[in-house]
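Below: one structure, written as structure tokens.
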Amino acid sequence: MTDKNNTIESSEVQKKANFIDLQIEEDLKQGKNNNCVHTRFPPEPNGYLHIGHAKSICLNFGIGEKFNGKTNLRFDDTNPSKEETEYVESIMEDVHWLGFDWEDRLFYTSDYFGKLHKFALKLIRDGKAYVDDQDAETISKQKGTPTRPGIESPHRNCTIEENVDLFNRMTAGEFDEGAKVLRAKIDMSSPNMHMRDPIIYRIMKAHHHRTGDKWCIYPMYDFAHGQCDYWEGITHSICTLEFEVHRPLYDWFVDQLQETAYRPRQIEFARLNLTYTVMSKRKLLELVKDGHVKGWDDPRMPTISGLRRRGYTPESIRCFSEKIGATKVNGMIDVSLLEHSVKEHLNKTAQRVMGVLNPLKVIITNYPENQSEELDAINNPENSEMGIRKVPFSRELYIERDDFMEDPPRKFFRLGPGREVRLRYAYFITCTSVIKDNKGEITELHCTYDPASKGGNSPDGRKVKATLHWVSIEHAVKAEVRLYDRLFNDKNPDGHKEIDFKEFMNPDSLQVLPNCFIEPFVKDAKPFDHFQFERLGYFNFDIDSTKEKPVFNRTVQLRDSWAKAQMKK
RNA sequence: UGACCCGUGGUGUAAUUGGCAACACGUCUGUUUUUGGUACAGAAGAGUCCAGGUUCGAGCCCUGGCGGGUCAACCA
């Protein structure tokens with residue numbers, strides 16, 4: 001799984017230090033935490049991981065590798081109403097697929113429910129936490145606003161004994177959901193809302209995916225996260241910017257826990273935003289649940305499983321992550337950078353193959369009927385070690401419909417009446433006649449070939465302006481090809497206050513081509529195998545494939561300067 | 001009208017203790033080419049949000065603005 005050799009990042013992408021690296025180096029220089037570096041990736045199992053999580057995974061595990069430290073995987077499962085085992089499994093698969101390994105350090109916040117409960121009791125005994133039985137609305141009102149201080153709860157100064165008793169009874173399930181909460185006693189007039197006696201335990205009579213029905217009270221994120229970091233010996237707790245204002249609270253809890261000089265430190269970075277995509281789990285879930293896409297792994301989704309199925313490689317995602325870096329600037333990355341990362345990797349590694357998406361029949365009139373031959377084709381011009389393969393050639397072929405124009409403009413180099421082009425690895429052919437049906441639609445082309453140009457070179461040094469891909473009809477594999485485009489037409493679909501992001505969905509994000517023909521080499525393809533269909537793009541073998549009908553997903557198109565020039569007109 | 005964070009080419013990221021603003025993507029132009037791909041060469045594009053200050057010298061330090069983001073869930 002962790003194929004880290006032969007990756008582009010190891011050889012070509014120089015890893016430059018980001019602000020987190022710099023802070024860690026500074027901590028090490030000061031000899032903090034016995035010079036250890038230990039990070040963690042803490043997903044909540046309430047959805048599938050997406051490319052934004054990939055950034056976080058690469059950051060956290062990357063730091064582990066860079067500083068000779070360790071990285072834990074910890075499921076942050078404090079809210080049983082949202083979390084499911086299905087998500088736990090997909091997350092583990094995705095992290096492994098990306099090429100990272102938590103070894104024996106797989107944890108769940110739910111592992112610590114007992115310790116967390118004891119800690120809560122300690123806070124109560126220290127007079128630093130109390131049970132409040134006001135309803136949510138009242139508590140919320142008492143919190144004040146960012147510009148106005150809050151007021152204290154009438155239960156704030158109950159006795160320790162009362163609070164211990166109440167909390168024990170909460171734990172025992174004596175109260176209804178929502179009837180009582182445990183709050184930390186901090187400062188109701190703090191300018192930081194999170195310090196205004198935050199709720200640390202709530203009653204939830206829900207079945208937990210791991211602890212079952214053992215608990216009916218569950219800790220809040222703020223109360224659990226830093227403590228788990230502490231107990232796991234995490235030194236740098238890296239999270240996204242919106243937790244910046246939580247940091248004083250994170251530190252406050254650690255203060256209550258701290259026994260030695262060891263102390264975890266929270267550092268925040270900007271989450272990833274990509275143009276033309278939505279990244280929030282809630283919105284992705286909505287796309288899945290409402291059937292706008294076919295599932296979490298729909299190749300149009302920015303999920304890791306979607307990108308995998310689309311044909312992205314772990315190397316390309318890691319390389320992307322390295323290129324975008326990590327800062328505190330809230331920006332938006334152009335998807336073209338992501339696309340560039342796959343193209344870069346696949347160009348060096350993908351098997352080349354010829355495939356015709358929109359077939360136009362060609363008959364080589366001077367080529368004998370019932371004859372065929374096998375021609376040598378290079379598997380990957382970027383890597384000679386990948387060798388060559390045989391491609392069958394015969395009298396009846398398909399070429400790409402776009403590669404022929406009856407009345408070609410000057411700059412169109414490809415086939416036209418009377419023109420000569422090269423069929424890649426095969427022969428020069430000249431178009432002699434164009435056959436149409438009664439609707440005027442071109443149905444086939446008649447061409448002649450030059451037997452002396454076998455392999456694609458003419459002995460007389462004659463030049464042609466274009467080289468076309470082709471496929472022998474008799475030998476071709478019929479396939480379905482799925483062309484994907486961006487899911488949204490707007491650069492920032494969830495950046496409009498008045499308009500729902502779904503309004504911007506691209507109706508043409510999926511185009512299915514049922515009648516494509518690929519050279520027989522792909523017969524043995526396995527799911528997720530990558531190919532370059534020459535001159536077209538990168539494609540991979542989809543899991544929907546059957547024996548009768550292989551299916552290929554287009555990962556990305558190759559650069560196409562002809563098409564680009566046409567677009568400008 | 002609070003607190004905290006952030007402002008460097010179109011986009012993203014750099015710029016050791018202040019010292020000629022660099023790299024990548026994208027764009028454009030050429031060269032090579034049996035992929036109108038790749039590779040290679042080159043070009044355009046910012047004077048670092050603004051105004052002051054310190055300094056021989058400020059993207060970096062200081063002050064004040066302006067702009068953007070986050071925070072008032074019994075979500076994480």
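- Contact annotation: A:K328 side-chain N/O to B:G7 OP1/OP2 distance is not under 4.0 Å.
- Residues from residues 382-389 of chain A that place a heavy atom under 4.0 Å from any atom of RNA chain B, listed by number: A:E382.
- Contact annotation for A:V181: base contact, defined as any heavy-atom pair under 4.0 Å involving a base atom.
- Aromatic pair A:F223/A:F119: ring centres closer than 6.0 Å.
- A salt bridge does not link A:E322 with A:R318: every distance from a Lys NZ or Arg NE/NH1/NH2 to an Asp or Glu carboxylate oxygen is 4.0 Å or more.
- Note on A:T78: a side-chain N or O is less than 4.0 Å away from OP1 or OP2 of B:A76.
- The base of B:G2 lies outside donor-acceptor range of the side chain of A:R148, with no N or O pair under 3.5 Å.
- When distances are taken from the side chain of A:F412 to each of B:A73, B:G36, B:A72, the shortest belongs to B:G36.
- Taking the C1' atom of each, B:A41 and B:A51 are spaced 44 Å apart, rounded to whole Å.
- B:U17 and B:G7 are spaced 25 Å apart, taking the C1' atom of each and rounding to whole Å.
- Here A:R352 lies in heavy-atom contact (under 4.0 Å) with a base.
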Dot-bracket encoding per residue of RNA chain B, Watson-Crick/G-U cut-off under 3.5 Å, | denoting interstrand: .((((((..((((.....[..)))).(((((.......))))).....(((((..]....))))))))))).....

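- A sub-4.0 Å separation between OP1 or OP2 of B:A72 and a side-chain N or O of A:T147 is absent.
- Side chains of A:D490 and A:H496: a donor-acceptor N/O pair is present below 3.5 angstrom, by distance only.
- Separation of the P atoms belonging to B:U27 and B:G65 is 43 Å when rounded to the nearest angstrom.
- By the 30° and 60° cut-offs, the orientation of the rings of A:Y449 relative to A:F393 is tilted.
- A:E339 and A:Y538 share no donor-acceptor pair across their side chains, judged by distance under 3.5 Å alone.
- A:R202 has a side-chain polar atom (N or O) that falls below the 4.0 Å cut-off from OP1 or OP2 of B:C75.
- Residues from residues 237-247 of chain A with heavy atoms under 4.0 angstrom of RNA chain B, sorted by number: A:E242, A:F243, A:E244, A:V245, A:H246.
- The residue among A:P191 and A:L558 whose nearest nucleotide of RNA chain B is located toward the 5' end is A:P191.
- Between A:F552 and A:F531, the ring-plane angle classifies as perpendicular under the 30° and 60° cut-offs.
- Within the nucleic acid shown, A:N46 has no heavy atom closer than 4.0 Å to any nucleic acid atom.
- Contact check, A:H340 against B:C25: a side-chain N or O comes under 4.0 Å of OP1 or OP2.
- For B:C60 and B:U54, the P atoms lie 15 Å apart once the distance is rounded to whole Å.
- Looking at heavy-atom distances under 4.0 Å, A:T145 makes contact with a base.
- Looking at which nucleotide of RNA chain B each of A:G456 and A:N79 is closest to, the 5′-most match is held by A:G456.
- Using a 4.5 Å heavy-atom cutoff, the side chains of A:K454 and A:E373 are in contact.
- For A:H208 and A:F113, the ring centers sit closer than 6.0 Å to each other.
- A donor and an acceptor atom, one from each side chain of A:N492 and A:D494, are located under 3.5 Å apart.
- Between A:T327 and B:U13 there is a side-chain N or O to OP1 or OP2 distance below 4.0 Å.
- The side chain of A:H194 lies closest to B:C71 when the candidates are B:C75, B:U13, B:C71.
- Stacking between A:Y221 and B:A76 is absent: the ring centroid is not both under 5.5 Å from the six-membered base ring centre and under 30° in plane angle.
- Within the structure, every side-chain polar atom (N or O) of A:S140 is placed at least 4.0 Å from both OP1 and OP2 of B:C74.
- No hydrogens or angles considered: a donor-acceptor pair under 3.5 Å links the side chains of A:H225 and A:R40.
- Between the side chains of A:N192 and A:S190, not a single donor N or O lies within less than 3.5 Å of an accepting N or O.
- Remark: aromatic rings of A:F167 and A:H117 are close, center separation under 6.0 Å.
- Within the 4.0 angstrom heavy-atom criterion, only backbone atoms of the sugar-phosphate kind lie near A:K564; the bases stay farther away.
- Between the side chain of A:R559 and the base of B:U38 there is no donor-acceptor pair of N/O atoms closer than 3.5 Å.
- Closest contact between the side chain of A:E534 and the listed nucleotides B:U35, B:C75, B:U13 involves B:U35.
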